[in-house]
Every structure is written in structure tokens, then in C-alpha cells.
*Asks:* 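After the C-alpha cells below, expect a handful of questions from me.
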Amino acid sequence: MDLQIALLLGQDGITNGAIYALLSLALVLVFAVTRVIFIPQGEFVAYGALTLASFQAGKLPGTLWLLVGVGIAVAMVDLMAAVRARQRRRIPRIIGWNLVYPALAAGLIFALNPAELPLLAQILLSLILVVPLGPMIYRLAFQPLAEASVLVLLIVAVGVHFAMVGLGLLFFGAEGSRTPAFSDGSLSLGSLTVNAQTLWVLGSSLCLIVVLAYFFERTIYGKALRATAMNRTGARLMGISTVMAGKLSFLLASLIGAFSGILIAPITTVYYDTGFLIGLKGFVGAIVGALSSYPLAALGALLVGLLEAFSSFWASAFKEVIVFTLIIPVLVWLSLTTHHVEEEE
Amino acid sequence: MSPRLLIAGFVLLLLVAPHLVSEFHVTLLNYIGLYSIVAVGLVLLTGVGGLMSFGQAAFVGLGGYATAYLTTATSLPAWLAMFGGSPWMGLLAGIILTATVALLLGLLTLRLSGHYLPLGTIAWSISLYFLFGNLEFLGGHTGIAGIPALDLFGLPLKDSRKFYYLIWVVVLLAVWLTINLLDSREGRAIRALKGGAIMAEAMGVDTARSKLVIFLIAALFGCISGWLYAHLQRFVNPTPFSLNMSIEYLFMAVLGGAAHVWGAVLGAGVITVLKQWLQDWLPKLLGASGNFEMIVFGLLMIFVLQRARDGLWPILARWVPWQGAQRRVAEAAALPRKSLPEAGTVLLEARNVVKRFGGLVANNNMNLSVRAGEIMALIGPNGAGKSTMFNCVSGVDRATDGEVLFCGRAVTRLDSREIARLGMSRTFQHVRLLPTMSVLENAAIGAHMRGSKGVIQALLHLERTEERQLLVEAARQVERVGLGGSMFEAAGSLALGQQRTLEIARALCADPCLLLLDEPAAGLRYMEKQALAELLRKLRGEGMGILLVEHDMDFVMGLADRVVVMEFGEKIAEGLPEEVQRNPAVIEAYLGGVE
């Protein structure tokens with residue numbers, strides 16, 4: 001290996017690592033706020049990428065029907081709850097978000113011809129379809145079990161993952177897709193050529209991280225999420241709705257997931273089930289951060305990206321084995337530093 | 001109808017089934033059997049123990065690949081040569097390999113909080129899948145073919161109808177062993193893992209070991225299922241050992257009824273048949289081919305967990321009019337008792353104990369001592385730090401500074417389990433019982449340290465004499481505290497005051513020399529308090545030392561030999577009950593000062 005290859009691999013590693021870092025942040029966030037180990041995180045990556053690819057191929061993405069269907073389901077559940085609790089005031093909001101919004105999205109897509117729109121508009125349309133699925137899935141799958149144990153929530157997460165992968169296959173088929181790069185060209189830094197998509201990935205990830213940091217530090221909703229993560233009961237006593245916190249954290253997770261998918265779609269071919277492995281690599285990063293520290297999780301994810309890039313050079317067949325074995329030293333370290341009997345919830 | 005009769009009927013049905021159904025259905029039954037073995041292990045691990053593994057299919061794979069490689073390889077490396085050629089040696093090698101891996105994984109993850117095991121096993125399961133697929137000597141993604149048929153006492157098991165019997169004998173064995181294990185001393189420790197770990201540790205149970213045991217058993221069940229699979233199919237490749245299959249095993253256990261051993265067999269049956277059916281119909285319905293049954297399974301899991309979290313088994317069981325479970329404690333010799341220290345010996349001495357939680361000082365330079373044959377009361381207003389002191393002394397929590405001596409030994413750094421072994425037993429202010437277990441079984445957890453028979457004996461029920469002794473002791477203590485009438489009721493159905501009393505019975509089962517009682521009289525009626533006071537006096541008379549936290553002043557002052565008063569984490573008074581009652585600092589703490 002010479003310097004040239006090392007730089008190239010390093011660039012690859014950092015690009016993928018940035019994506020894993022975004023995902024690991026979302027995983028830590030969702031776990032802290034809702035105690036859900038969010039296995040389906042990766043499915044949002046695949047949905048985001050494949051929805052964009054469908055638009056570009058001039059096809060109607062199946063995620064549109066999913067949004068409409070899930071919206072109807074949420075509306076039914078919420079309307080029943082609202083009528084039973086005699087909270088008529090909530091009805092317009094429920095109808096608005098769960099029935100009107102998907103209908104508008106569908107109308108927009110039928111009215112425009114997405115294949116001929118500029119890339120930015122296509123990306124926006126993809127996000128419009130995929131991102132609301134996050135809070136809707138929270139409403140249907142997790143909210144009724146919000147007080148259940150981590151174990152039960154994890155099994156539900158696995159159930160959601162299974163259903164979403166199966167639906168992904170139904171919507172997008174077994175063939176993978178790749179989207180064109182956001183912009184052509186590359187940047188030369190001495191002997192290193194950095195291609196444009198890498199810059200897009202790094203720049204967007206960095207922007208997103210800065211926005212998230214601002215959101216958590218400075219806005220009332222961000223602070224509400226942090227409060228819920230620290231102490232659910234305490235936050236509720238202070239008037240923070242845990243339902244709102246749950247939906248908001250899922251919204252951020254689906255946004256981060258779908259956006260990551262859109263970012264990597266030009267770099268790698270995305271299949272309906274690709275998201276799972278990508279999401280799990282985010283998990284490895286999150287575990288490095290012990291599922292609680294954001295900066296450590298992001299660093300861990302970068303490490304995963306680099307390790308993956310370099311092992312694909314030396315032992316490409318064993319790339320996944322090496323990446324997933326990374327958690328063993330982390331677990332050793334964690335188990336040597338923790339020593340107390342904990343009560344499982 | 002008795003459960004025995006039902007099981008006999010089920011076994012009879014299993015016996016005749018292969019003669020009644022087609023070849024295709026025999027194959028289906030074979031798969032149900034293979035999956036059941038794995039699912040039974042998961043019931044033990046997940047349903048009962050509250051641990052979750054996504055690595056079960058990988059353990060199945062270890063069992064399958066071990067025998068596949070060893071029975072087909074033409075030239076084995078020298079150190080493996082002794083395992084070559086025979087399926088039975090393949091099984092042995094698989095078991096050794098699986099046990100080693102499970103032990104390592106378990107040691108790594110089981111000390112961490114609960115979600116590291118599933119995440120660790122996901123990673124391990126993916127790693128192993130890619131290893132199977134990429135190692136040349138394991139045939140890569142094409143796998144290994146030409147695995148020899150099993151030979152049972154000279155009878156070759158070549159067709160699936162013959163193999164059927166072997167599989168189902170193993171299923172029944174796995175069920176029998178698991179039910180045996182759960183109905184034993186070790187089994188009670190395992191059942192305490194979910195929601196009772198702190199209590200179990202304080203009763204001397206090594207919970208980390210119990211977790212490791214069930215993880216190991218579940219992994220070995222997987223390995224055996226894989227070994228059977230390899231010799232039934234005579235071919236292995238990586239696909240059936242993927243993470244998705246691990247998830248399906250988990251679904252089987254959850255759907256069947258994660259806490260019921262027979263539920264595993266039910267779940268395996270339902271999922272297998274449903275999968276077969278969905279794989280036939282869904283592609284036709286949707287006009288595309290693919291594993292669309294995943295969608296249904298995923299949604300089904302969400303629905304089951306939201307609407308019927310205990311799975312299908314309890315729903316089915318409701319239709320069967322069981323004859324009530326055994327409601328009699330057999331007779332057995334009494335357990336040997338430890339001799340109590342002579343009255344007046346100092347049992348417990350806390351010196352300058354400090355406990356900080358971040359910036360909050362919950363205990364500051366606390367000193368107290370308890371002697372054998374006396375009742376020492378620790379009183380103080382709410383939030384004075386009494387329960388924290390209790391936790392520091394009993395090892396449930398660790399003091400930040402200071403020293404605790406018990407029977408002359410420094411125990412400050414010991415775990416609650418080790419302190420319990422030295423003869424200290426306690427109750428909890430917030431009752432820590434296992435609500436679905438019977439009163440008798442809850443008390444019997446307290447006697448854990450007085451038994452010695454291990455997991456192997458429990459699996460085979462070779463420890464029945466000791467088990468009867470433990471139960472007799474538990475029954476004796478339950479009657480002693482006055483709960484004899486509710487011996488076989490679920491502990492969760494008792495009134496709160498009675499639950500506290502049951503905690504005392506459990507603590508007494510440990511045969512302690514020092515008893516720590518955290519608000520034992522709260523929630524009791526007048527007559528019950530009288531009876532409790534009488535019991536404590538009797539225990540004191542026998543030479544036991546008792547440390548008591550209590551709010552009921554009448555109760556304390558009539559009972560205690562000495563009293564320590566705490567306020568804001570510090571000791572403000574100590575002495576005889578009547579001295580303390582006159583102490584101005586105490587009066588101020590309780591009633592406020594006079595301006």
C-alpha cells in the first residue's frame with residue numbers, strides 16, 4: 001500500500017464514517033428519549049435512497065402508498081382515541097397531518113413530473129414522503145408500549161424492521177439503484193483527488209450535526225428532548241409530553257436516515273435491504289459511545305468507516321467480520337469498567 | 001384433565017403422526033421439531049430470564065457446520081483428527097465449540113446492562129454468517145454437501161420418517177430438561193433474573209452466573225438442533241443460519257408465549273406452518289416473488305406484543321380445565337442450621353460511613369453497631385438517609401467512604417451476595433417480590449444459599465431430597481410469619497402489608513445471624529403488628545441480631561433495645577428508647593423547634 005492508496009481509502013472511510021456518524025447520533029437520540037433500540041433506522045436510509053431513485057427513473061415510489069396507508073391507520077387510531085376521550089379539538093389536527101398531508105403529497109407528485117424536476121426538488125419530494133413515516137410508525141408501533149421494558153420495545157423494533165424490509169422489497173424490487181452524483185468534478189489537493197460527492201457528504205453531515213447541536217442546546221423542543229432523555233417522569237411533571245418527545249425523536253431519526261440514504265445513493269448501489277447493515281454499523285459506533293455519548297458515538301462511527309475502508313483493501317471478503325468484531329474490545333472495556341448489579345426495567 | 005394426561009395424549013399423537021400424513025407433512029413436522037429445540041432455549045433465555053439473543057441461528061450454524069466439516073473433510077489437521085469421520089464426534093466437537101463461544105460472548109456482555117447482549121449477538125451473528133460464506137474449507141456460499149446419514153444403534157436414519165422420531169425425542173428431552181430446571185433451586189434463581197436481580201443478589205444468588213447458565217443452555221440447544229439439521233439435510237450452507245433466522249426463532253418464542261416452555265413448541269409450529277402458507281400465497285397475491293412473509297411476521301409481532309404480550313400459550317391454556325397445581329409441601333428432614341454467635345457479641349459495626357450521590361451527601365460519618373440478641377432501631381424523618389444506610393451496610397450499594405465490619409470482617413467492598421453468605425439477611429422498603437411466583441417459592445429464594453445442588457442435578461431432577469428440604473424450610477418460615485393460609489397463592493395477590501411480612505419470611509429462610517428489616521410494620525393492622533413484634537422478640541430471644549428501620553414509634557419504642565436517630569444523613573442521637581424520646585434534638589427533628 002502506498003500513500004496514494006492510503007489517502008484514497010481514508011477518504012472512502014471518512015465518507016462512509018460520516019454517514020455512520022449521523023446514524024449513530026440518531027440511534028443514541030432515539031434510545032435516550034424512548035428506550036427503543038431503533039433497529040429499523042437503516043430502512044429509512046434505503047427508503048430515502050430508493051425513493052429518490054424511483055423519482056429519477058420516472059416511477060412512482062411505493063413509499064407514497066405507504067405514507068397514505070400508514071396515515072389512514074394513524075388517523076383511525078387517533079380519531080378513535082380522541083372521540084373516546086371527548087377531545088374534539090384534536091380532530092382537525094389529526095385529519096390534517098395524517099390524511100390531508102399525504103393526500104397533498106400525492107397530489108403534488110401527480111401534478112409535477114418528478115423525473116424532470118431539478119435534483120434539489122426531487123430530494124425534497126423524497127424527504128416529504130419518507131420522513132413523516134418516522135413519527136407515524138412511533139404512533140402505531142411504539143406509543144402503545146411506551147412503558148414496556150427495553151426488551152419488549154426491542155422486539156417491536158425488530159418487527160418493524162422485518163415489515164419495512166419486506167415492504168421495501170415489494171416497493172422497489174430486488175434490484176439495486178444508484179443515483180447520479182449531486183455534482184460532477186473533483187477537487188485536487190496536492191496528490192489527493194477528492195471527488196465532489198465526498199465533499200457533499202462531509203459538508204452536509206457537518207451541517208446537520210451543527211444544526212442538531214443548535215437544536216439541542218438552544219431550542220425549547222431540543223431541551224424538552226434532553227429533559228425526557230434524562231428523566232421521563234420528571235420531564236412529564238414539568239409538562240413535557242413524552243408522546244411528543246417520542247414522535248419528535250422518531251422524526252429526527254427518520255430525517256437523518258432518509259437524508260443519509262440520499263447522500264450515499266450516488267456512492268454505492270442501494271438495495272432494499274442494504275439499510276440494515278448500514279444502520280448496524282451506526283450501532284457499532286453508538287456502542288463505542290456506550291449508547292449515551294454523542295461525540296464518542298460519532299467518533300466510533302468514523303472509526304468504523306475507516307476500519308471498513310482499510311479492511312476492504314486487505315481482506316475484502318472479511319470486511320464485515322472485521323467491522324462487527326470491533327465491538328468486542330469495546331464490550332471488554334465496558335464490562336471491565338461497569339460492576340454493579342442493575343435491575344432490568 | 002391433568003397436564004400429565006394432556007402430555008401423554010400429545011406424545012401419542014406424535015408417535016402416530018408420521019403414519020397418518022404425507023411425506024411433505026413429515027418434513028414440515030421435522031422442521032417444527034428442529035425449530036422447537038431452539039425456541040425452547042429462547043424461552044428459557046428470553047421469556048424466563050429476560051435476556052435477548054439474536055445469535056441463536058448462528059449457534060445452530062456452529063452445530064451444523066462443525067459436524068458437516070468433520071464428517072466430510074478428507075484431510076483434517078492433526079489436532080482435529082480424533083473428531084473426524086463420525087457424526088457423534090461431530091456433535092461433541094460442535095458442543096465444545098458452541099460452549100466456548102457462548103461462554104466468551106456471555107462473559108463479555110452479560111455483566112453489562114440488558115441491551116448489550118442483543119447488540120453483541122447481532123454483531124456476532126453477522127460476523128459468523130460472513131465467515132461461513134467466505135471460508136474456503138467450509139465451502140463458501142455453496143456450502144458443504146455429502147454429509148453422512150446418522151446411524152443409531154446400527155439403524156441408519158436415512159429417510160425423514162425415521163429421522164422424525166429422533167428429532168421429536170430430542171424436542172421432548174429439551175422440554176423436560178427445561179421444565180425440570182425451572183422447578184428447582186437454580187430455576188428460582190433464574191426466574192428471579194427478570195425484575196428481581198437486586199433481591200436475588202441480596203439472597204446470595206450469583207445472578208451473573210445464572211445468566212451465563214441460561215445463555216449456555218440456549219446456545220447448546222441451538223447447536224444440537226443444527227447437528228440434527230445437518231444430518232437430516234445432509235447438506236449445509238450459510239443461509240439458514242443468518243440473522244433473519246435468529247429473528248424468526250425469537251418470533252417463535254414470543255408468539256408461542258415467551259415464558260412458557262410448551263409455548264416454544266406451539267410458536268415453532270405456528271410460525272413454520274404460517275411461513276409455508278404465506279410463501280405459497282403472498283407471491284401470487286402480490287404478483288412478485290420474494291420473502292414477503294417478513295411483512296406479515298413483523299406486523300404480527302407488533303400486534304402480539306401490543307395485544308397479547310404473553311403469547312398464544314396462556315390463551316390456549318385457559319381453555320383447558322387444569323386440575324390445580326400441587327398444593328402440598330412434602331415432608332423432609334429439616335435443614336441444618338448455623339450456630340448463632342453468643343448474645344452480646346458485636347455483629348455489625350459501621351464506622352464513619354459516608355455515601356454521596358454526586359453532590360448530595362446521603363450519609364455523613366454514620367456510626368452504629370448491632371449485637372447478637374438485641375433489636376436496634378434506626379429512626380429518623382423521611383429522607384434522613386436510613387434506607388441508604390441499609391443499602392451500604394448490606395452491600396446493595398457501596399459506601400463512598402468509611403468502613404463496615406460484619407462478624408469481625410471488613411465487608412465494605414463486598415457485593416451483597418457475599419455479605420449474605422456471611423449471615424446477613426434483609427428485607428426491602430419497596431417490596432421486591434416476584435409477583436407471579438407463589439408465596440412459598442418467593443420464600444424459598446431466601447433459602448438459596450442453604451442448598452448446594454447445581455444446574456446439572458436440577459436439569460435431571462436429581463436434587464429432589466434437597467429441594468424438598470428447601471421447600472419445607474420455606475413453608476416453615478411462611479407459617480411462622482403467619483402467611484400459612486396463602487402459601488400457594490401468587491405473591492402479587494397479597495396485600496402490601498402481607499407482602500412485607502413475606503419479605504421477612506424470605507429473609508429468615510437464609511438462616512441469618514443478623515436480620516435487617518426496612519419498615520416491616522408499614523401497612524400492617526394493629527393485630528398484625530402485635531404478632532410481628534412477638535415474632536421479633538422471639539427471634540431476639542433465640543440470639544439473632546435485628547436492625548430495624550421503622551416509622552411507627554409505638555412499635556419501635558416498645559420493641560427496641562437501643563435506638564439510633566438520623567437526620568439529614570447524620571446521627572443526632574443514640575441510646576435507650578426512653579433516653580432518645582427525651583432528647584431535645586430528636587424532638588426538634590420530629591416536631592420542629594420551638595421559637
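Quick note: numbers below take in every heavy atom, side chains included, and nothing from hydrogens, waters or symmetry partners. So that the names make sense, note that chain A is the first sequence line, chain B the second, and so on, each numbered from 1.
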*Asks:* Give the member of A/Val165, A/Leu169, A/Thr325 that has the highest number of heavy-atom pairs under 4.5 Å with chain B.
*Replies:* A/Leu169
*Asks:* With a 4.5 Å limit on heavy-atom distance, are the side chains of A/Phe162 and B/Ile295 in contact?
*Replies:* no
*Asks:* Would you mind checking which part of B/Thr46 comes under 4.5 Å of any heavy atom in chain A, side chain (CB onward), backbone (N, CA, C, O), both or neither?
*Replies:* both
*Asks:* Please classify the contact of B/Leu250 with chain A as side chain, backbone, both or neither, using a heavy-atom distance under 4.5 Å.
*Replies:* side chain
*Asks:* Below 4.5 Å, heavy atoms only, C-beta onward: do B/Leu119 and A/Leu280 meet side chain to side chain?
*Replies:* no
*Asks:* Does A/Leu154 reach the side chain of B/Phe54, with side-chain heavy atoms less than 4.5 Å apart?
*Replies:* yes
*Asks:* In Å, rounded to the nearest 0.5 Å, how long is the span from CZ of A/Phe318 to CG of B/Leu131?
*Replies:* 6.0 Å
*Asks:* Is the shortest heavy-atom distance from the side chain of B/Phe297 to the side chain of A/Val158 under 4.5 Å?
*Replies:* no
*Asks:* Please step through side chain to side chain contact (heavy atoms under 4.5 Å, CB included) for the pair A/Phe142 and B/Ile302, ending with a clear verdict.
*Replies:* CA-CA 9 Å; A/Phe142 296 98; B/Ile302 300 170; over 6 Å; no
*Asks:* Any chance you could lay out the side chain to side chain contact (heavy atoms under 4.5 Å, CB included) test for B/Ile126 and A/Val321, step after step, and finish with the verdict?
*Replies:* CA-CA 7 Å; B/Ile126 292 180; A/Val321 180; over 6 Å; no
*Asks:* Does any backbone or side-chain atom of A/Val152 lie under 4.5 Å from a heavy atom of chain B? Answer side chain, backbone, both or neither.
*Replies:* both
*Asks:* Where does A/Ile155 contact chain B at under 4.5 Å (heavy atoms): side chain, backbone, both or neither?
*Replies:* both
*Asks:* Write down the atom of B/Arg309, the atom of A/Ala148, and the distance for their closest heavy-atom approach.
*Replies:* NH1-CB, 3.7 Å
*Asks:* For A/Leu145 and B/Leu305, which heavy atoms make the closest approach, and how far apart are they?
*Replies:* CD2-O, 3.5 Å
*Asks:* Under 4.5 Å from any heavy atom of chain A, what part of B/Phe251 do you find: side chain, backbone, both or neither?
*Replies:* side chain
*Asks:* State the CG-CE distance between A/Leu170 and B/Met294, to the nearest 0.5 angstrom.
*Replies:* 12.5 Å
*Asks:* Do A/Phe324 and B/Phe130 make the cut of ring centroids closer than 6.0 angstrom?
*Replies:* no
*Asks:* In terms of heavy-atom proximity below 4.5 Å to chain B, should A/Ala174 be classed as side chain, backbone, both, or neither?
*Replies:* neither
*Asks:* Once rounded to the nearest 0.5 Å, what's the spacing between atom CD of A/Gln143 and atom CD of B/Gln306?
*Replies:* 10.0 Å
*Asks:* Begin from the C-alpha positions of A/Leu167 and B/Phe292 and carry the test side chain to side chain contact (heavy atoms under 4.5 Å, CB included) through to its verdict.
*Replies:* CA-CA 8 Å; A/Leu167 287 170; B/Phe292 297 121; over 6 Å; no
*Asks:* Between A/Leu140 and chain B, with a heavy-atom cut-off of 4.5 Å, which part of the residue counts as in contact: side chain, backbone, both or neither?
*Replies:* backbone
*Asks:* Which one wins on heavy-atom pair count under 4.5 Å against chain B: A/Val156, A/Val284, A/Ile39, A/Val323?
*Replies:* A/Val156
*Asks:* Given that the side chain runs from C-beta out, which part of A/Ile327 has a heavy atom under 4.5 Å from chain B: side chain, backbone, both or neither?
*Replies:* side chain
*Asks:* Could you tell me which portion of B/Leu243 (side chain, backbone, both or neither) has an atom closer than 4.5 angstrom to a non-hydrogen atom of chain A?
*Replies:* side chain
*Asks:* Among B/Asn244, B/Leu107, B/Leu299, which residue forms the greatest number of heavy-atom pairs with chain A at distances under 4.5 Å?
*Replies:* B/Asn244
